[in-house]
Amino acid sequence: MKILILIGNVPDTTTKVKFNADRTAFDASGVQWIINPWDELALTRAMELKETSGGAVEAVVVANVGRAETEATLRKALAIGADKAIRIDADPKEAGYVASQLATIAAGYDLIMAGIEAADYNGNAVGGMLAEMLGMNSVSAVSGIQIENGQLKINREIDGGSQVVGLPMPLVAIVQKGIAKEPRIPAMRGIMMARSKPLEVVQPIDAAPMTNMVTFEMPPAKAACKMIAEDQAKDLIHLLRDEAKVL
Amino acid sequence: MSVLIYTENWDGKFKKVSFELASYAATVAKAMQLPVIALSLGPVDDSELSKLSAYGVSHIMKNSDERFNTLDNQAIAKAIALAAEKVKATLIVLAHNNLGKAVAPRLAVRQKAGMVSAVHGLPFSYDPFTVKKMVFTGKAFSHAVIHSGVKVITLASNSFGLVENKVDFAPEAFETGLGDADFVTRIEQTNKITGKVLLNDADIVVSGGRGMKSGDNWGQLEELANLLGAGTACSRPVSDEGWRPHSEHVGQTGKIIAPNLYFAFGISGAIQHLGGVSSSKIIVAVNKDPDAPIFEAADYGIAGDVFKVLPQFIEAVKEVKSNG
Ligand SMILES: Cc1cc2nc3c(=O)[nH]c(=O)nc-3n(C[C@H](O)[C@H](O)[C@H](O)COP(=O)(O)OP(=O)(O)OC[C@H]3O[C@@H](n4cnc5c(N)ncnc54)[C@H](O)[C@@H]3O)c2cc1C
Ligand SMILES: Nc1ncnc2c1ncn2[C@@H]1O[C@H](COP(=O)(O)O)[C@@H](O)[C@H]1O
């Protein structure tokens, strides 16, 4: 079984979001880039499966659509334990464009894992789009994956509960909270080994983006918080009813 | 040409999100001078379907195939695509919930459509088709343009609201022609959360953080939630500690919610937490540290002890309720 993990390269989650002066683009100055948190958990789970499946998982490959500066992120994925990285050398313009690029290298895997959303533009799209492009099955909101007798057993969240489901491979699993507990931190040995692991650079294909973001805005500034004294807490409930009108 | 909405059902019933979708699509379709059509998949009674017509949707395509209850992503995407072709949908709207997020991208590829998720409210313009979309997990919004002829969007819940507009109702049977091979998801087990207000449906959410000190201290918080008909939520460390179930975790790596009213008890207001709740209409914070960042996001606050404030809140809500 071969596993492919789609890796988004995103600003660190504590980044204070800023835009350029005319608000047409994200201002990346001083930003720390990380593996998209869901993708990091997906990779962690893939490594666990590789280690515990008694040889059922032959290889874990990671792939990213991005320019040369994302290679640090891919090297980290290799340090965590991936066997090989693929970078498609293009700006990740939008979900459809990214999925079209990934479709050129994603055939032949039994399991592809994508995150439910990238922490920057929250597209919620690449995994599902890639599945449809490749004619693969997909399952979303995945919070657990086990291999049992060579079959995948999947936990997924549904609105109002959770389910255990089975789906045949090849499969795209779109993962979220729960897929692994904590992201794996690369050990010194992993970092050393990552240097000699293959990082293949692939040229992009032509694909027309169908959406683009023209401007950005910050959420409206909140009025100052109205403070109520601790021993007057009841007044706050009255304000919620009479002033805010939410009770 | 038309505007198509996919109205998911839960055991044959619709929820507020379904009616918000109907209200939204009816309003958008009017502006685009197009008819609005709802698609319902899986067994739903006509009396339930008719509820959509209270929000401006008269034309409903229904297919009662039970196999759709498996929430099979590929079969549902195929069925919506077939319906979209039939009614020549140029705009397809789904809810921004688990199933909507799962199906919309597949549908977009099938229809050669550009897709934008987590759309907030009405489009800014219809030509070019420009919508407001949440980005950076609620820290900002973008104005996103969809260039393709067919467009797919998912609507962020509570970003538009309900618009009542009763119209005549005419359901129409819709055949999909899907075979067993189209349904590949085998359900082995389902665990439903029962007897609780679900977080994504809740108008009011009562949430606790590490300041609650222990999972054993949730009694008053739950009492307040019960009195208010509210859902309960928590910060990430609380679910990591096992004080509360993971399904209650809100924030960047948990659920993203937008209730009318959000109570944060003993939550510091870390940026990753705020990402999941900052679209709430009104935020109330109780924290003993007056400099806690949660107060920058809050509308009302008390710099005080949760255990002193909770009993007063409970009493006040009881009074407010008994006075009608
Ligand atoms: C990649 C990443 C993703 C993350 N995702 C999320 C997420 O999705 N959701 C999330 O919540 N967090 C998330 N976090 C964690 C986040 O950074 C914070 O650590 C977390 O939100 C803090 O939780 P808290 O406010 O409950 O606890 P604390 O930060 O410990 O705050 C407790 C607060 O309670 C107050 N307090 C203590 N006792 C009392 C009392 N008796 N009365 C009143 N107030 C009291 C204190 O003053 C303090 O402000 C994430 C972190 C990372 C790195
Ligand atoms: N540029 C990219 N390269 C590789 N994978 C990506 C890229 N962008 C997004 N993904 C994958 O798609 C998931 C969802 O991203 P999105 O649809 O952009 O919200 C991410 O969690 C990644 O797994």
Side-chain angles (χ1 to χ4, degrees), chain A residues 13-14 17 37 95-96 116 119-129 131-133 137-141 157-168 174 177-178 210-219 222-223 225-230 233-234 236-241 244 246-247, chain B residues 10 71 73-74 97-98 101-102 105-106 108-110 114-118 134-137 139-148 184-193 198 200 246 252-254 260-261 271-272 278 282 295 297-304 308-309 312-313 316-317 320:
Chain A
T13 55
T14 55
V17 174
I116 188 94
D120 47 7
Y121 300 108
N122 308 144
N124 300 101
V126 169
M129 284 185 168
E132 190 68 46
M133 286 173 185
N137 297 320
S138 63
V139 57
S140 186
E157 182 158 334
I158 57 171
D159 290 294
S162 60
Q163 288 182 323
V164 183
V165 298
L167 282 99
I174 298 154
K177 179 177 165 74
M210 286 192 277
T211 67
N212 72 307
M213 296 188 182
V214 284
T215 42
F216 294 89
E217 61 179 70
M218 300 308 283
K222 283 244 172 194
C225 181
K226 203 174 233 184
M227 299 302 291
I228 285 94
E230 185 190 64
K234 280 180 159 185
L236 199 155
I237 298 296
H238 294 129
L239 284 170
L240 291 177
R241 184 188 59 180
V246 285
L247 283 187
Chain B
W10 288 265
L71 307 179
N73 294 179
Q74 21 290 314
N97 60 5
N98 282 324
K101 285 188 229 178
R106 299 197 71 115
V109 170
R110 282 190 162 262
M115 172 191 150
V116 172
S117 71
M134 183 192 85
V135 290
F136 294 96
T137 324
K139 288 182 221 165
F141 291 94
S142 73
H143 298 202
V145 177
I146 310 183
H147 304 287
S148 47
V184 295
T185 308
R186 199 171 64 292
I187 312 278
E188 291 181 7
Q189 195 187 320
T190 301
N191 305 309
K192 291 226 166 110
I193 303 169
L198 297 175
N200 291 320
H246 285 293
Q252 170 142 15
T253 45
N260 287 330
L261 177 56
I271 194 156
Q272 297 96 346
S278 56
I282 297 288
F295 291 118
D299 300 277
Y300 298 95
I302 295 178
K308 296 212 176 96
V309 170
Q312 296 183 64
F313 275 5
V317 169
V320 163

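Hydrogens, waters and symmetry mates play no part in the numbers below; they use all other heavy atoms, side chains included. Per chain, numbering begins at 1; letters A, B, ... match sequence-line order.
- In summary, of the residues considered (V139(A), N137(A), L167(A)), a side chain to side chain contact (heavy atoms under 4.5 Å, CB included) with T185(B) occurs for L167(A) alone.
- A distance of 7.5 Å separates NZ of K192(B) from CD of Q163(A), quoted to the nearest 0.5 Å.
- Considering only heavy-atom pairs separated by less than 4.5 Å from chain A, the leading option among A144(B), S142(B), G114(B), G301(B) is G301(B).
- For the set A223(A), G161(A), G160(A), the count of heavy-atom pairs under 4.5 angstrom toward chain B peaks at G160(A).
- Between F295(B) and M227(A), some side-chain heavy-atom pair lies under the 4.5 Å cut-off.
- In plain terms, the two heavy atoms of C225(A) and Y300(B) that are nearest each other are SG-C, 3.5 Å.
- Only the side chain of A108(B) comes within contact range of chain A, with at least one heavy atom under 4.5 Å from a heavy atom of that chain.
- When each of N98(B), N260(B), V135(B), N200(B) is checked for heavy-atom pairs under 4.5 Å with chain A, N98(B) comes out on top.
- Two residues are said to be in side-chain contact when any heavy atoms from C-beta on lie closer than 4.5 Å; Q272(B) and T14(A) meet this criterion.
- With sequence neighbours excluded, the residues that form a ring-ring contact (aromatic ring centres under 6.0 Å, His included) with H143(B) are F124(B).
- Distance CD1/I146(B) to CG/N212(A): 10.5 Å, rounded to 0.5 Å.
- Here the closest heavy-atom approach between residue A140(B) and residue V17(A) is recorded as CB-CG1, 4.3 Å.
- Residues V165(A) and R186(B) have side chains not in contact (no heavy-atom distance under 4.5 Å, counting atoms from C-beta outward).
- For the atom pair CD (Q189(B)) and OG (S162(A)), the distance works out to 7.5 Å, reported to the nearest 0.5 Å.
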Task: Steps toward side-chain contact (heavy atoms from CB on, under 4.5 Å) verdict (V320(B), H238(A)) - done: CA-CA 8 Å; V320(B) 163; H238(A) 294 129; 3.7 Å; yes

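- When each of S140(A), A229(A), G166(A), G128(A) is scored by its heavy-atom pairs under 4.5 Å with chain B, the top score falls to G166(A).
- Contacts of S117(B) classified as side-chain contact (heavy atoms from CB on, under 4.5 Å), with partners at least two apart in sequence or in another chain: N124(A), H96(B), M115(B), K133(B), T154(B).
- Of the listed residues (A298(B), S148(B), P105(B)), the greatest number of heavy-atom pairs within a distance under 4.5 Å of chain A belongs to P105(B).
- Here F136(B) and F216(A) keep their ring centres 6.0 angstrom or further from each other.
- In summary, K222(A) and D299(B) engage in a salt bridge, as defined by a charged side-chain N under 4.0 Å from a carboxylate O.
- With respect to chain B, the highest number of heavy-atom pairs below 4.5 Å among A131(A), G178(A), P219(A) belongs to P219(A).
- For the pair Q74(B) (side chain) and S138(A) (backbone), a donor-acceptor distance under 3.5 Å is present.
- At a threshold of 4.5 Å between non-hydrogen side-chain atoms, the residues R106(B) and M129(A) do not count as touching.
- For the atom pair L240(A) CG and F313(B) CZ, the distance stands at 7.0 Å (nearest 0.5 Å).
- The candidate from G96(A), G123(A), A141(A) with the greatest count of non-hydrogen atom pairs under 4.5 Å with chain B is G123(A).
- Using a 4.5 Å cut-off between heavy atoms, A95(A) does not touch chain B at all.
- Heavy-atom distances place both the backbone and the side chain of N97(B) under 4.5 Å from chain A.
- Only the side chain of K308(B) comes within contact range of chain A, with heavy atoms under 4.5 Å apart.
- Within the 4.5 angstrom heavy-atom criterion, only side-chain atoms of L198(B), from C-beta onward, approach chain A.
- With a 4.5 angstrom heavy-atom cutoff, L239(A) touches chain B via backbone and side-chain atoms both.
- Separation of atoms CD (Q312(B)) and CD1 (I237(A)) is listed at 10.0 Å; rounding is to 0.5 Å.
- For the residue pair T13(A) / Q252(B), no side-chain donor-acceptor distance below 3.5 Å is found, with atom types taken as modelled.
- The contact between L71(B) and chain A is made by backbone and side chain atoms together, counting heavy-atom distances below 4.5 Å.
- Per-residue heavy-atom pair counts under 4.5 Å with chain B were compared for K177(A), M213(A), E157(A), and the maximum is reached by K177(A).
- Within the model, atoms CD1 of I193(B) and CD1 of I158(A) stand 9.0 Å from one another, a figure rounded to the nearest 0.5 Å.
- The candidate from A297(B), A118(B), S278(B) with the greatest count of non-hydrogen atom pairs under 4.5 Å with chain A is A297(B).
- Highest contact tally toward chain B, considering only T215(A), I174(A), L247(A), is held by T215(A) [criterion: heavy-atom pairs under 4.5 Å].
- When heavy atoms are compared at a cutoff of 4.5 Å, I187(B) approaches chain A by way of both its backbone and its side chain.
- Scanning all heavy atoms of the two residues, the minimum distance from A303(B) to E230(A) falls at O-CB, 4.5 Å.
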